[in-house]
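Heavy atoms only: backbone and side chains are in, while hydrogens, waters and symmetry mates are out.
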Amino acid sequence: MADNTVPEKTVRPAISRPVFERTIKIYSEQAIRVIRRSYGRLIRSLYAIDVTLRIVGQEQAIDDVEGIVSKMIGDCAQQLQQEKTRLDKLCADNGIAESPRYTNPTDFNARITSPQIAQFVELIRLLDQLMIAMDTLWLCQILTSKQCSIARYQWQQRLHRLARRIVSIEQRAHQAAYAQGRGEEVRLAREESGLLAEPEALSENDNEDSEVDENDVEN
């Protein structure tokens, strides 16, 4: 008589991973939007990249991808810092020493499980500081509403686009694993890691922010 017993699914023990838990006060609407729309997806993609590349046995590729992502984030951080330095000097040159109060700041609970996530969290904090300097100059009538409207949108979208580029790296790694015949292993590993079986799809207009700030004006 045939044995119709269904084999029990092996449950692997949860892995104990290092993590930093940080709570950061975020004030500007632009930085809040980046958290809301890009941060969660970004950290899932970074985790999935690591899971996928380890399955296909590409340890060197993990280091290479981490280096690429770190450089992408680092370059953006440098640009943010340069612009913030310029605006801080503009404040000092005009004798401005105060900062505005924000009506709806948020507590950003960052769960840092990799150096790249820590870098992106710092990027969000830098964006927030830049927006505060910009808002200060606008309220003090040094920058016009139109200047601020354009700059706010451009800096916010720069972080959205950076997150999209990192998500696309996950998609390429996933496709490469399937092309190597490791798709089922990757699917199971993603499932066990709490990830979706397939990377989240990117649409052409994904992360494009259509919301208009109340201070924005017509170009």
Worksheet entry | Derivation and outcome, side-chain contact (heavy atoms from CB on, under 4.5 Å), residues Asp135 and Tyr27 | CA-CA 11 Å; Asp135 291 342; Tyr27 298 92; over 6 Å; no
What's the shortest heavy-atom distance between [X] and [Y], and which atoms?
| X | Y | result |
| --- | --- | --- |
| Leu123 | Cys76 | CD1-C, 3.8 Å |
| Leu42 | Ala163 | CD1-CA, 4.1 Å |
| Ile49 | Glu170 | CG1-CA, 3.5 Å |
| Trp155 | Met131 | CB-CE, 4.1 Å |
| Cys148 | Trp138 | SG-CB, 3.4 Å |
| Asn104 | Ile32 | O-CD1, 3.8 Å |

[Y] and [X], any side-chain heavy atoms less than 4.5 Å apart:
| X | Y | value |
| --- | --- | --- |
| Ile117 | Leu46 | yes |
| Cys91 | Leu137 | yes |
| Gln156 | His160 | yes |
| Glu66 | Pro115 | no |
| Gln79 | Arg158 | yes |
| Leu162 | Phe120 | yes |
| Ile96 | Leu90 | no |
| Arg22 | Phe108 | no |

Item to complete: Mind jotting down which residue pairs meet the salt bridge (Lys or Arg N to Asp or Glu O under 4.0 Å) criterion with at least one end in residues 113-125? Sequence neighbours excluded, please.
Response: Glu122-Arg125
Worksheet item: Which residue pairs satisfy the salt bridge (Lys or Arg N to Asp or Glu O under 4.0 Å) criterion with at least one member in residues 106-121, sequence neighbours excluded?
Response: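 Non-adjacent pairs meeting salt bridge (Lys or Arg N to Asp or Glu O under 4.0 Å): Glu21-Arg111, Lys25-Asp107.
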Item to complete: Give a yes or no on whether Glu98 atom CD has more than 12 heavy-atom contacts from other residues, nucleotides or ligands under 6.0 Å away.
Response: no
Worksheet item: Are more than 12 heavy atoms from other residues, nucleotides or ligands located less than 6.0 Å from atom CD of Gln82?
Response: yes
State the [atom1]-[atom2] distance between [X] and [Y], to the nearest 0.5 angstrom.
| X | Y | atom1 | atom2 | answer |
| --- | --- | --- | --- | --- |
| Gln141 | Leu139 | CD | CG | 9.5 Å |
| Thr113 | Ile43 | OG1 | CD1 | 6.5 Å |
| Gln157 | Arg152 | CD | CZ | 14.5 Å |
| Arg36 | Ile26 | CZ | CD1 | 12.5 Å |
| Glu83 | Leu130 | CD | CG | 6.0 Å |
| Gln30 | Leu127 | CD | CG | 7.0 Å |

Quick check against the 3.5 Å criterion: does [X] have a side-chain atom that pairs as donor or acceptor with the backbone of [Y]?
| X | Y | value |
| --- | --- | --- |
| Ser168 | Arg165 | yes |
| Gln147 | Thr144 | yes |
| Asp128 | Ile124 | no |
| Ser45 | Arg41 | yes |

Practice prompt. Would you check, one step at a time, whether the test side-chain contact (heavy atoms from CB on, under 4.5 Å) holds for Leu159 with Leu80?
Written response: CA-CA 10 Å; Leu159 267 70; Leu80 276 166; 4.1 Å; yes
Worksheet item: Does a donor on one side chain sit under 3.5 Å from an acceptor on the other, for Ser70 and Gln119?
Response: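 Present: a donor and an acceptor within the cut-off.
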[X], [Y]: one ILVMFWY side-chain cluster at the under-4.5 Å cut-off?
| X | Y | result |
| --- | --- | --- |
| Ile73 | Ile112 | yes |
| Tyr47 | Val19 | no |
| Leu143 | Tyr102 | no |

Practice prompt. In sequence, state the C-alpha distance, the side-chain angles, and the governing distance for Val121 and Phe20, and then conclude on side-chain contact (heavy atoms from CB on, under 4.5 Å).
Written response: CA-CA 12 Å; Val121 168; Phe20 280 132; over 6 Å; no
